[in-house]
Structures are given as structure tokens and as C-alpha cells.
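First the proteins, then the strands, lettered A, B, ... as listed; each starts at 1. The basis for the numbers below is simple: all heavy atoms, side chains too, and nothing from hydrogens, waters or symmetry mates.
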2 protein chains.
Amino acid sequence: MVELETERLDAIFHALGDPTRRQMLRDLSGGERTVSQLAEPYEMSLAAASKHIKALESAGLIRREVRGRTHVCHLEPGPLANAHEWLSFYEAFWTLRLDRLEDLLRDEDAAKSNPPPKPEGDDR
Amino acid sequence: MVELETERLDAIFHALGDPTRRQMLRDLSGGERTVSQLAEPYEMSLAAASKHIKALESAGLIRREVRGRTHVCHLEPGPLANAHEWLSFYEAFWTLRLDRLEDLLRDEDAAKSNPPPKPEGDDR
DNA sequence: TCTATATTCAACCACATGGTTGAATTAGAG
DNA sequence: CTCTAATTCAACCATGTGGTTGAATATAGA
């Protein structure tokens, strides 16, 4: 497993916590876009959109290729996979009925012979 | 697909963007915890931890049951599933090789007879 | 070279966030 | 009833965030 450092997840989830940035990612899922193309749908100034793009970039969610005077952005899906994987830890909790969950956890712990129901220090 | 309102996702991802709160969720995956139990591992004041718990609660990620003078929290996995589902949209992007992705998207669009994802700059 | 386009930078502002401390609330225990 | 424990509330503070505007930078094109 990846033992992702917490700082990385901070940046990823923080970047995803803004609707403008999520929409920009959605937009980029249709192919590469320049900064102005990404900014176009929003009321805000170009400078503001540029900041959002920088946030996405420094979270590693997009990559930027400078082509002459235009900056072309494309999706960088790795960190999204990381976030997805982090969430997958909880998959059992929304998949199983709660009364079965306890048994499952106990079984898994027995299999690993790990002390489980207190996974402190797993992330962070 | 669920067409989750954006506000909900804002709160969920924002709540997940803090290491203390992620750790608290991890802790709660081991079973219910009181507020003081949740706060115990951290240096911060109880009031500060209480605020984090409130953030998790108002994002719907935990539920609180008041038992006498103690508040017992447990995980509420629904919103985690929502976030997971939101991220799943991008699964193809980290699963497939990029040169195959374009074809896939085109095929899907053709199948739905939707206007394809703005094929400008798709060549190269 | 001159001008227009694409983008960032810097300064600034309002408001949110994450933390503190001390007082208030509520309930169990003697 | 009183004391103590569990928790929140309120006020406050420093810093971060998301937005603005105007100037700066760099490149494309005439």
C-alpha cells in the first residue's frame, strides 16, 4: 500500500473542496484546455481562475504545458486515484449492513493477527 | 448517477482536507467514540477538537448520540460513498493508457449521441 | 519594431478557518 | 444540594482563502 503522506492528501482534498476547481477538472476530462478556456465559464477574473488552476496544479491534479504564450492544462489522474483509494478504506462501511460489519472486522483482524479496532496512526 | 448537489460535496471534501479530521474518521472506523476519546490523541484543546467534530458532523460524515452528559459519535459512511463515487468518474483516467482513453471517450459519446467533448486540441 | 494576446504577479480586501482561553450548560456521583 | 466531569459557547486572534484591480512579462503577429 502507498502510505500516502498526509500533506499530499491535505492538498488534494482541499483542492477538491471547491466547486470551481471540481468543475475545471470535469472540463479537463474532455481534453486539454488552455487557462483562458478553463476560466471562460466563470464570472470571476482571469487572475482568480489562474489561482484556482495553480491550486489544482500544486495538488498535482493537473499538469501544465507552456506552448508559446498559452498554457495548456491536462488532467493528472494519479492524485485522484490516491483520494479514491483513501476513501476505499471505508467501502465496507457503506457496503455492508452495520450488524455484519463488526464480524467482518473481527475476522479480518484475526486473519492478520493485528490488533485492529483501534487503527490509530494509520494516516497522518 | 446521483447528481449530488455541489454544496454537499464542498462540505465533504473540505472536511476531508484536514488531517485531524481524517484521523478522527479513521479512529471512528474502530467503533463509536466519545468526544473526549476522539480529542485525546491531539495536542489541541477540547474546544478545538469539538469544532473539528462539528465540521465532520455538519458534513454528514459522523452522527452524534447524546447519552447523558457524554456525546457518542459514530461513522456515517454515506457521504464517503458520495465522494468515492464522484472520484470514480475519473477512474478511467488512471486505469487506461492515455492513448486509448481518447478512443473510449469518442465511443461513449457516439453511443449516447451526445456532442463529443469539444474535440478542439484533441489532435496533436 | 509595434501592438495585441495570454498569463502571472503584487497589493489589497472581506471573510473563513483553526486555534486559544474562560465562562456557561448539563448531568452523573457523593 | 454540591461537586465534578463532559461538552459547548463566546470572544478573540493569526493566518489562509478567494476574490478584486492594475501593472508586469512574454510571445505571436502585422
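Atom pair K54(B):NZ and dG18(C):P shows a separation of 12 Å (rounding to whole Å applied). One can place CG of D18(B) at 18 Å from P of dA16(C), the figure rounded to the nearest angstrom. Rounding to whole angstrom units, CG of residue L46(A) and C1' of dG19(D) are separated by 13 Å. Taking atom CD1 on I53(B) and atom P on dG19(C), their separation rounds to 12 Å, with Å as the unit. Summarising the geometry, the separation between CD on Q37(B) and P on dA5(D) is reported as 17 Å, rounded to the nearest angstrom. As rounded to whole Å, 12 Å separates atom P of dT21(C) from atom CD of E43(B). The distance between atom CZ of R33(B) and atom C1' of dA6(D), rounded to the nearest whole Å, is 17 Å.
Remark: aromatic rings of H14(B) and H14(A) are distant, center separation not under 6.0 Å.
Counting distance only, with no hydrogens placed and no angle test, the side-chain atoms of R69(A) and the base atoms of dA26(D) include no donor-acceptor pair under 3.5 Å.
Counting any heavy atom pair closer than 4.0 Å across all strands shown, A55(A) reaches no nucleic acid atom.
H52(B) has no side-chain polar atom (N or O) that falls below the 4.0 Å cut-off from OP1 or OP2 of dG18(C). Distances shorter than 4.0 Å separate some side-chain N or O of S50(A) from OP1 or OP2 on dT8(C). At the phosphate of dG19(D), neither OP1 nor OP2 sits under 4.0 Å from any side-chain N or O atom of S45(A). Not one side-chain nitrogen or oxygen of R67(A) sits closer than 4.0 Å to the OP1 or OP2 atom of dT27(D).
When the nearest nucleotides of DNA chain D are assigned to T34(B) and T20(A) by heavy-atom distance, the more 5′-ward of the two goes with T34(B). Of the two residues near DNA chain D, H71(B) and M44(A), the one whose nearest nucleotide lies more 5' is H71(B).
Out of dG18(C), dT20(D), dT8(C), the shortest distance to the side chain of R64(A) is found at dT8(C). Residue K51(B) has its side chain nearest to dG19(C) when only dT20(D), dG19(C), dT8(C) are considered. Closest approach to the V35(A) side chain among dG18(C), dT8(D), dT8(C) is made by dT8(C) (side chain taken as heavy atoms from C-beta onward). The R21(B) side chain lies nearest to dG18(C) when the options are dG18(C), dA6(C), dG19(D).
No side-chain heavy atom of L80(B) sits under 4.5 Å from any side-chain heavy atom of F93(A). Proximity of I62(B) to L25(B): side-chain heavy atoms (C-beta onward) are separated by under 4.5 Å at one or more points.
Not a single donor-acceptor pair under 3.5 Å links the side chain of S88(A) to the backbone N or O of E91(A).
Considering H71(B), E76(B), R64(B) as possible partners of E57(B), the one that fulfils the side-chain contact (heavy atoms from CB on, under 4.5 Å) test is R64(B).
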